[in-house]
**Student:** 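Dropping a structure here in structure tokens format, bear with me for questions.
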Amino acid sequence: MSEPARTPSRRARLWRRLDAWSYAAVLSTLGGAAMVLLALPTVIVLVTSFTSAATLRFPPPGFSTQWYRALVLASPEIVDAALVSLQVAAVATAAATVLATSAAIAIDASASRWARVADTMLMSPLLLPGLALALGLLLTFSLLDMRLSMTTLIIGHTVICCPFILRTTLASLAQIDRVLAECSSSLGAGALFTFAHVTFPLARGGIGAGAFIAFMASFDNVAISLFLADAHSEVLPIRLWDLIENLLDVRAAAASGVLIVTTIVLMVVMERLTGLSRYVR
Amino acid sequence: MPGPSGSAAVAAPAAAAAAATPRRRLRVRLGRPWLALPLLAFFLVFVALPVLVLVAVGISGPDGLTLVHVHRFLTDGLSLPVLGRTLMLGLATAAVALVLGYPLALLFVSASPRLQRLLILLIVLPLLTSAVVRTFAWVVILGRQGLVNETLTGLGLVGGPVALLYTEPMLILTLAQIELPLMTLPIISALSAIDPRLTEASAALGAGRWRTLLLVVVPLSLPGVIAGVLLVFAAACGALVTQSIVGGGRLLFMPMYIYQQGMQGQNWPFAATISLMLLISVLAVVALLNMAGRLATRHLHV
């Protein structure tokens, strides 16, 4: 009596084991491949930047710091481009932080339909093709009779910075209990005092994380800079692009090494300060 | 798409509300609608107006309005294939990124909290690293003396270096790697939001791993998948630097086409037309995918 009942159950158990095994195998193969793919390029650039050769051979035949020395000592054009990029990213991020934080406060407080419309419109630069937006801005500036300068460059970068800060600030504002601000008001605090002592400290993580992501996005942007920079303000990514495309110069590896290490350090610091990773999901 | 009518409609109630709200309520509610006005005005001038100017320049000729540029785009036999190739590149990149990113997201949500903290940094790092740097890494990997070619020749599998750079499949792989975080992060947040009791119930009712994945987990995470696909698609279509460095001069895509016609050819009306075509196509695909996502998740009642 028990025999015919056990046979299908044994087959079912085998089937179940195969199911679990194949699931784990496929998942870890593809997921593992994704992890390797995520880390590999970073590692390869770092290793290549210490090559002793004059080509981008991998693995390098030997190691030296010559390309870092060449970068620091004999590449004023790369250093200048980096300074322009830093300046543009800093000013654009600062401007975008003020604009986007105040807008986020208004959108968060409003339950009306217009808030959602505004939200969609303010996020649009994330989906619009960058080069189309850049060309539109260039044509608009010439229509407004504005010559290309640092100002036009910074305006363009501010546009692409705003959505990042708006998104993270809205996320952190949504987690604040409304009662806190109401308590502050009912105890007699003004709007500014409440913002400075209640809302801002609680939203600081979101604002900081957004500002950091926006800064990196601006520092990395090519499309806007390609159309809106004047002849004197070449930004770093375009300089590096030139270096990679035309010369396959190993200094590009050293510059990339500096950028990667800086990014990692900043990312870890910002993770500690703002809980960055909570805001990118 | 940002439009002037929408923005005006947005601005008016904001001003009205600020004027009409009683003083007492203003003190209680910190957020005042007018706080959004500076940013709305800024976007009106520097996002909505530029899109309008693109339209205006694209359809204007020496003797008033003309569709000659649009006509040229549709009939010159070069522009439409470039547009098609760009959209296909975006879709193929999104597909590869999805195949890699979904399992990665599944692994992430099943990992321990400590491992998660490490993994999230691994996923976010490429997002914050300059795209030029990430593209450069692939030049080193795929070049004639790069990692892949040195390995293949070292193993004696090929006689000489294989051409990997400047091919479309490698461009798709590179872009998929570069945009992988944009795919993975929204899927992670969608997967984290799934009630674990649902998968437990599925297992208790006798469903295996695959069945649970296909019938419970995947449908519930579809909003995240759609968001990831949209972001990767839009990013891959506009990835000028990667398209140009890894794709090379032979493979022409829309962003470089805009740059060539505008900056190099000084043909602003045609460059504006190309930009508009790209913008409309990307937004159309985004809208279609959104609609497909809504249709697919319509039956969910969780």
Side-chain angles (χ1 to χ4, degrees), chain A residues 16 19-20 23 27 30-31 34 37-38 41 44-45 48 56-58 99 102-103 105-110 114 117-118 121-122 124 127 129-132 135-137 139-140 143 155 159 181-182 185 191 194-195 199 216 220 222-223 237 240-241 244-245 252 256 259-260 263 267 277 280-281, chain B residues 2 6 10 13 27-33 35-36 38-39 42-43 46-47 49-51 53-54 57 100 103-104 106-107 120 122 124 126 128-134 136-137 140-141 143 145-147 177 185 188-189 208-210 234 238 240-241 245 255 258 262 271 275 278-279 282 286:
Chain A
R16 174 138 291 204
D19 175 77
Y23 179 82
L27 197 66
L30 287 175
L37 269 181
L38 280 175
I44 286 195
V45 168
T48 307
L56 294 171
R57 189 195 195 105
F58 195 93
L99 288 170
S102 54
I105 290 171
I107 291 173
D108 178 65
S110 165
W114 73 263
V117 177
M121 172 186 165
L122 296 174
S124 62
L127 279 178
L131 229 61
L135 179 64
L137 274 167
L139 296 172
T140 305
L143 199 76
I155 289 175
V159 168
E182 280 163 25
S185 304
T194 303
F195 175 75
T199 314
M216 300 310 276
D220 180 31
V222 167
L240 286 181
W241 180 12
I244 294 167
E245 191 136 78
S256 300
L259 288 182
I260 287 174
T263 307
M267 186 177 75
S277 56
V280 292
R281 282 188 245 168
Chain B
V10 164
R27 288 195 53 148
V28 172
R29 288 179 50 190
L30 181 73
R32 300 171 185 186
L35 276 173
L39 186 60
F42 184 76
F43 267 53
F46 296 117
V47 178
L49 182 60
V51 172
V53 170
L54 274 185
V57 172
L100 291 167
L104 180 62
L106 279 174
L107 279 187
I120 196 81
L122 180 71
V124 174
L128 296 172
T129 313
S130 164
V132 180
V133 171
R134 285 182 281 165
F136 174 67
V140 180
I141 294 173
Q145 295 188 308
L147 173 67
Q177 188 272 336
L185 292 168
I188 285 178
S189 65
R209 291 296 195 106
W210 289 110
L240 171 69
V241 176
I245 293 179
I258 296 173
S275 303
L278 177 63
L279 204 145
V282 167
V286 164

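By convention in this document, chain letters (A, B, ...) are assigned in the order of the sequence lines, proteins followed by strands, and residues within each chain are numbered from 1. Because the structure is predicted, anything quoted here is derived from the model rather than measured.
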**Student:** Taking atom CZ of Phe46(B) and atom CD1 of Ile155(A), what is their separation to the nearest 0.5 Å?
**Tutor:** 4.0 Å

**Student:** Just verifying a value: how many Å separate Leu39(B) CG and Leu122(A) CG, rounded to the nearest 0.5 Å?
**Tutor:** 4.5 Å

**Student:** Which value, rounded to the nearest 0.5 Å, describes the distance between Leu137(A) atom CG and Leu54(B) atom CG?
**Tutor:** 9.0 Å

**Student:** Could you tell me which of Pro237(A), Ser102(A), Gly31(A) has the largest number of non-hydrogen atom pairs under 4.5 Å with chain B?
**Tutor:** Ser102(A)

**Student:** Does any backbone or side-chain atom of Val222(A) lie under 4.5 Å from a heavy atom of chain B? Answer side chain, backbone, both or neither.
**Tutor:** side chain

**Student:** So for Ala223(A), is it side chain, backbone, both, or neither that comes closer than 4.5 Å to the heavy atoms of chain B?
**Tutor:** neither

**Student:** Select one option (side chain, backbone, both, neither) describing which atoms of Arg57(A) are under 4.5 Å from chain B's heavy atoms.
**Tutor:** both

**Student:** Between Leu131(A) and Leu240(B), what is the shortest heavy-atom contact and its length?
**Tutor:** CD1-CD2, 4.0 Å

**Student:** Let me confirm one number: the CG-CG distance from Leu135(A) to Leu279(B), rounded to the nearest 0.5 Å.
**Tutor:** 10.5 Å

**Student:** For Leu37(A), which atoms come within 4.5 Å of any heavy atom of chain B: side chain, backbone, both, or neither?
**Tutor:** both

**Student:** Heavy-atom cut-off 4.5 Å, strictly under: side chain, backbone, both or neither for Phe42(B) against chain A?
**Tutor:** side chain

**Student:** Partners of Phe58(A) by ring-ring contact (aromatic ring centres under 6.0 Å, His included), sequence neighbours excluded?
**Tutor:** none

**Student:** Most heavy-atom pairs under 4.5 angstrom with chain A, which of Ala131(B), Pro126(B), Pro38(B)?
**Tutor:** Ala131(B)

**Student:** Which answer fits Leu259(A), side chain, backbone, both or neither, if we ask what part of it has an atom under 4.5 Å from a heavy atom of chain B?
**Tutor:** side chain

**Student:** Measuring from atom CD1 of Ile107(A) to atom CG of Leu35(B), what distance do you get when rounded to the nearest 0.5 angstrom?
**Tutor:** 10.5 Å

**Student:** Can you measure from CG (Leu30(A)) to CG (Leu100(B)) and round to the nearest 0.5 angstrom?
**Tutor:** 6.5 Å

**Student:** Ala137(B) versus chain A, heavy atoms under 4.5 Å apart: side chain, backbone, both or neither?
**Tutor:** both

**Student:** Do Phe136(B) and Leu240(A) make a side-chain contact, defined as non-hydrogen atoms from C-beta onward lying under 4.5 Å apart?
**Tutor:** no

**Student:** What are the two closest heavy atoms between Arg209(B) and Ala20(A), and how far apart are they?
**Tutor:** CG-CA, 4.0 Å

**Student:** Taking only residues two or more places apart in sequence, or in another chain, which ones meet Asp220(A) in a salt bridge (charged side-chain N to carboxylate O under 4.0 Å, His left out)?
**Tutor:** none

**Student:** Of all of Val124(B), Val57(B), Ile245(B), which one pairs up most often with chain A through heavy atoms under 4.5 Å apart?
**Tutor:** Ile245(B)

